[in-house]
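Every heavy atom of this structure was used, including side-chain atoms; hydrogens, water molecules and symmetry mates were not.
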Amino acid sequence: MRFSKMLIPTLREIPADAEAISHILMLRAGYIRQLAAGLYINLPLGSKVIEKINKILREEMNAIGAQEMTLPVLHPAEVWQETGRWYEIGDEMFRLKDRGDRDMCLGMTHEEIMTWLAVREIRSYRDLPQVWYQIQTKLRDEARPKSGVLRTREFLMKDSYSFDADEDGLERSYQLHADAYHKIFSRCGLKFYMVESDPGMMGGATAHEFMSPSPAGEDEVVLCTSCGYAANIELALSIPKKIGIMDWNFEEVHTPEKRTVEEVSNFLKLRPEYFIKSILLISDNGPLLALVRGDQELHEKKLNRIIGKHRSAQKKEVKDILGVEAGFIGPMNHKLRIIADMCLKEGVYVSGANKQHYHAKGIRPGKDFIAEWHDIHVAKEGDSCSKCNAALKIERVIEIGNIFKLGTKYSLPLKAFYLDEKGLEKPIIMGSYGIGPARIAAAAIEQNNDKDGIIWPKSIAPFDVEILPLNMKDVKTLDIAEKLYKDLTEKDIEVLMDDRDERAGVKFKDADLIGIPAQIIIGEKNIKEGLVEIKDRRTKEAVKVKVEEVVKVLC
RNA sequence: CGGGGCGUAGCGCAGCCUGGUUUAGCGCACCUGCCUUGGGAGCAGGGGGUCGGAGGUUCAAAUCCUCUCGCCCCGACCA
C-alpha cells in the first residue's frame, strides 16, 4: 500500500480528550476517530489491525473445532424475556420498538440467541458437542464509556458458546477455550494472566478472565508469584499480615471527637491494625454489623455473596438502631447479626465503645462479641496468599477475554434439551467465551510504546514493513523504492511505502508514530554505495544492507 | 446516576474574571509560489469561525445571567 493512497491522518499534538496512552496514540497515529462518547470509527490502519487480530482469533477457534456463524444484532424481546434478562438488565440494554410496536433490543451478548438456535437444531446426544462462535458487534449503553477503545458502547466481540451433554463435556470445552485463549493472546504479543473471576450475572459457577497488565485497565488482579494463585480482586482471598496479640484488659478510653480509625489511631498512638472497624449495613433482612480490621477495606462484593443486597446505613439510622453516633460503634452488646473478617478471630482490639466520645480497648473476639467469620476484606499488596502464604502482588489490568461455565442457566428457561443414549430428555450444558479484539489492540499499545509512538508486535501490526524513500525527487531513490516494494510484496510481505513528497523528518516521525515493526530507509548517501538501512522500530537499531539483499534479510 | 472540568478554525490553545479598543487572535495543519530534502525546514501570499445551542440583561455579549446539549476525568455501575 502506498501512503499517499491511504487515509492516515496523523496528529502532531496530543488530542485534549485523550488520557490513556493507547487512546492518545491510536488517535495521533491515525487509527481511530471518535464519533461520540463510546463510539469509534476504525480508520484504514485501525481496521487492518483488527483484521489481523480477527484472523488469529479465527485460526485458533477453528483449531478447537469451533464453527463460525453470524447472528443478528437486533433481537426480539421475547427470547430475552424468557431468560429473565430483559427484566434484570437495566439501562445498559438498548431497547427499541419496531414499526409494529414490538419490543426489540440490541444485542449486548448472544447467549439467548445462540441457545434459541440450539433449541431448534440440537436434538440428540449425537449432535453434541458443538462450539459456535461469531465475531460480531455488541451494543451496551455504558454508564461511562472511557479510555478510548477500552470501554465503548459499540464494540466487536468474538463470542463463542459451547454445548455439551454433561459437566465433563463442559469441562473439556472450557479447557479447550482456555488453551486457545492462551495461544491467541501469546500470538498477539501480549503479557496476560488467566485469573479466577466472579461469574456475576452470567450465571454458572466457574469463570476466568484473561487480564493484560496496564495502568489504563479498570480491574485489579491479585497474584501469587509463588504458587500461581491469580484472581480478580473482586473475589481474591488473602491473609492480612499477622499482628501481635496485646494483653490489654478491657477498658473504656476517652476519645473526644475522634471518629475515624485514622483519628483514633493517631490519638492513641496505636497502629490501625489494632482497631476493628464496625460498619452498620442495611440488608433486605434488616440491619447488621460488618467488622473489618482497621487497616482493611470492607469488600462489598464479598459481603454481597454472604448477605445479599445491602447498603450502608445513614447517619440517622446508625443513631436509631445502635443508639450511638457513627465513629463510636463497637461490636459488643448488640443483638444484630455480625459478619466479621476472618483475621479478627484472634487478637485483642480497639473499637468504638458504643458510647459518645469513648472507644473500648481490649476487645476479645468470641468473648466480647460473637460473629460469623468470613473473608470480607479487600486484598492488599503484601497480604499473604491463602493457598501458600507467600506475599501477594496486585496489578492493574485490562480484561481482554473471559470464559464462563454457564451450565443450564440458559438451556433450562429456553428449553434447550437433547435426548441421551437412553432416550432421556436432558438440558444442554453450556459455556460462553468472549474476547474483545479492540481491547487486544489497546492492550498491545499500552504494553508496547515509547515516546515516539506505537511499537506493534509483528503479528498484529497493520503492515510488516514501511519503506521510507527520503527524497521523492531523486530518481535513484524512487527506482529502488519501487523495486523493493514490488519484490517484498511478491514475497507476501505487507508493505507500506511512504511515497509522499514530504521531508525526511516528517516521514521518520510518522513512521515511528504508526509503529510498523521494520523500516527500510532509502537515503541518497547510502544508495551511492548500493545500500539501504533496515531499522528496527523497537530498538531503533539500523543495519545497512545491500539493496539486493533486503528481501532475503526480511524474509 | 453523584462529584469535578471543558466546549472559540481541522488540531492544540489565548481572549472571558473587569462587556466596547478585535474586522475574534496565536501556533500547527491546509491552498499558491519560490526554496529545501537524514528527524515534524524557510520565505512570501492566501482560504477557513452561527465563539456548542436557545433565551435573557444591555445602547453594546465570545465575555454577564438562566436553561439546554455535548465531551473528558473521578466515583457508582459494568451481563
K.L.:
Quantified in whole Å, what is the P atom distance between nucleotide B:rC6 and nucleotide B:rU66?
P.N.:
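Those two atoms are separated by 16 Å.
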
K.L.:
Across all strands shown, which nucleotide pairs with B:rA76 by Watson-Crick or G-U wobble geometry, both distances under 3.5 Å?
P.N.:
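Paired with B:rA76, as far as the under-3.5 Å criterion goes, is no nucleotide at all.
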
K.L.:
So, A:F210 versus A:H177, ring centres under 6.0 angstrom or not?
P.N.:
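Not close enough - the centres of the two rings lie 6.0 Å or further apart.
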
K.L.:
To the nearest Å, give me how far apart CD (A:E19) and P (B:rC6) are.
P.N.:
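Those two atoms, CD and P, are 15 Å apart.
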
K.L.:
Where the side chain of A:E13 is concerned, which of B:rG39, B:rC11, B:rC73 is the nearest nucleotide?
P.N.:
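In terms of side-chain proximity for A:E13, the closest of B:rG39, B:rC11, B:rC73 is B:rC11.
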
K.L.:
State whether the distance check finds a donor on one side and an acceptor on the other, under 3.5 Å, for side chain A:E533 versus base B:rG38.
P.N.:
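Donor-acceptor pair under 3.5 Å: yes.
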
K.L.:
Can you tell me the distance, in whole Å, between the CD atom of A:Q34 and the P atom of B:rC11?
P.N.:
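Result: 12 Å.
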
K.L.:
Give the rounded distance in Å between these two atoms: CG of A:L7 and P of B:rA29.
P.N.:
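From A:L7 CG to B:rA29 P: 18 Å.
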
K.L.:
Please determine, for the side chain of A:R12, which listed nucleotide (B:rG38, B:rA29, B:rC71) has the closest atom?
P.N.:
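Out of B:rG38, B:rA29, B:rC71, the nucleotide with an atom closest to A:R12's side chain is B:rA29.
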
K.L.:
Considering only B:rG38, B:rG40, B:rG12, which nucleotide approaches the side chain of A:L513 most closely?
P.N.:
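Looking only at side-chain atoms, A:L513 lies closest to B:rG40.
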
K.L.:
Mind checking the C1' distance from B:rC64 to B:rC51? Whole angstroms is fine.
P.N.:
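Their C1' atoms lie roughly 15 Å apart.
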
K.L.:
Mind checking the C1' distance from B:rG47 to B:rA9? Whole angstroms is fine.
P.N.:
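These two C1' atoms come out 11 Å apart once rounded.
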
K.L.:
Checking only heavy atoms, does the side chain of A:N471 share a donor-acceptor pair with the base of B:rG38 at less than 3.5 Å?
P.N.:
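Looking at the base of B:rG38, it does not pair with any donor or acceptor on the side chain of A:N471 (distance under 3.5 Å).
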
K.L.:
Nearest to the side chain of A:D512 - B:rU37, B:rC77, B:rG39?
P.N.:
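So the nucleotide nearest the side chain must be B:rG39.
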
K.L.:
Quick one: A:R144 CZ to B:rC77 P, roughly how many Å, whole number?
P.N.:
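In whole Å, B:rC77 P and A:R144 CZ are 13 Å from each other.
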
K.L.:
Now, which nucleotide makes the Watson-Crick or G-U wobble pair with B:rU58, with each of the two distances under 3.5 Å?
P.N.:
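Because no pair has both required distances under 3.5 Å, B:rU58 counts as unpaired.
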
K.L.:
Heavy atoms under 4.0 Å, any strand shown: does A:D474 hit a base, just sugar-phosphate, or nothing?
P.N.:
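Result for A:D474 = nothing.
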
K.L.:
In whole angstrom, give the distance that lies between atom CD of A:Q519 and atom P of B:rG38.
P.N.:
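The answer, rounded to whole Å, is 16 Å.
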
K.L.:
Describe the nucleic acid contact of A:L468 in one word from base, sugar-phosphate, nothing, applying a heavy-atom distance below 4.0 Å.
P.N.:
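Nothing: the residue A:L468, judged by heavy atoms under 4.0 Å, touches no strand.
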
K.L.:
Rounding to an integer number of angstrom, what distance separates B:rC71 and B:rG12 when you compare their P atoms?
P.N.:
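The same atom, P, in both gives a distance of 15 Å.
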
K.L.:
Roughly how far apart, to the nearest Å, are B:rG55 and B:rC69 at atom C1'?
P.N.:
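Comparing C1' positions in B:rG55 and B:rC69 gives a spacing of 14 Å.
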
K.L.:
Could you check how far CZ of A:R33 sits from C1' of B:rG10, rounded to whole Å?
P.N.:
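Spelled out: CZ on A:R33 to C1' on B:rG10 is 10 Å.
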
K.L.:
Give the rounded distance in Å between these two atoms: CG of A:D498 and C1' of B:rG40.
P.N.:
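Computing the A:D498:CG to B:rG40:C1' distance gives 12 Å.
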
K.L.:
Indicate whether the side chain of A:Y40 and that of A:N42 have a donor and an acceptor atom separated by less than 3.5 Å.
P.N.:
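No pair is found: no donor N or O on one side chain lies under 3.5 Å from an acceptor on the other.
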
K.L.:
Would you say the side chains of A:Q136 and A:H110 form a donor-acceptor pair under 3.5 Å?
P.N.:
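A:Q136 vs A:H110: no donor-acceptor pair found between side chains.
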
K.L.:
So A:I32 and A:H23, side-chain contact (heavy atoms from CB on, under 4.5 Å) or not? Walk me through it.
P.N.:
CA-CA 9 Å; A:I32 57 167; A:H23 189 197; 4.2 Å; yes

K.L.:
Quickly work out the A:E234 CD to B:rA76 P distance and round it to whole Å.
P.N.:
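After rounding, the reported distance stands at 11 Å.
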
K.L.:
Considering every strand and a 4.0 Å limit on heavy-atom distances, what is the contact class for A:A143: base, sugar-phosphate, or nothing?
P.N.:
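Here A:A143 touches the bases of the nucleic acid.
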
K.L.:
Just name whichever nucleotide pairs with B:rU18, Watson-Crick or G-U, keeping both distances under 3.5 Å, else none.
P.N.:
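B:rU18 is paired with nothing.
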
K.L.:
Using the P atom as the point on both nucleotides, what is the distance between B:rG39 and B:rC16, in whole Å?
P.N.:
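Their P atoms lie roughly 41 Å apart.
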
K.L.:
Centre of A:F3's six-membered ring, under 6.0 Å away, within 45 degrees of the axis: is that where NZ or CZ of A:K507 sits?
P.N.:
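The answer is no, since A:K507 fails at least one limit relative to A:F3.
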
K.L.:
For A:P9, report the nucleic acid contact type (base, sugar-phosphate, nothing); a contact means any heavy atom under 4.0 Å.
P.N.:
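Touches nothing.
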
K.L.:
A:K473 side chain: which of B:rG38, B:rU36, B:rC71 is closest?
P.N.:
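Of the options given, the side chain of A:K473 lies nearest B:rU36.
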
K.L.:
Counting only side-chain heavy atoms from C-beta out, which of B:rG40, B:rG38, B:rG39 sits nearest to A:L470?
P.N.:
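The answer is B:rG38, which lies nearest to the side chain.
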
K.L.:
Counting side-chain heavy atoms from CB outward, which of B:rG39, B:rG40, B:rG12 is closest to A:F508?
P.N.:
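That would be B:rG39.
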
K.L.:
Taking the C1' atom of each, how far is B:rA60 from B:rG40, in whole Å?
P.N.:
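Roughly 44 Å separates the two C1' atoms.
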
K.L.:
Looking just at side-chain N and O atoms, do A:E533 and A:N526 make a donor-acceptor pair shorter than 3.5 Å?
P.N.:
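Judged by distance alone, the side chains do pair up.
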
K.L.:
More than 12 heavy atoms of other residues, nucleotides or ligands under 6.0 Å from CD of A:E297: yes or no?
P.N.:
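Open: at most 12 neighbouring heavy atoms sit under 6.0 Å from CD of A:E297.
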
K.L.:
If you measure from the C1' atom in B:rG70 to the same atom in B:rA29, how many Å do you get, rounded?
P.N.:
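Straight-line distance between the two C1' atoms is 25 Å.
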
K.L.:
Of the listed nucleotides (B:rU37, B:rG40, B:rC72), which one gets closest to any side-chain atom of A:D17?
P.N.:
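Nearest listed nucleotide: B:rC72.
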
K.L.:
Assign each of A:R28 and A:K146 to its nearest nucleotide of RNA chain B by heavy atoms, then name whichever residue's nucleotide is nearer the 5' end.
P.N.:
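Its nucleotide being nearer the 5' end, the pick is A:R28.
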
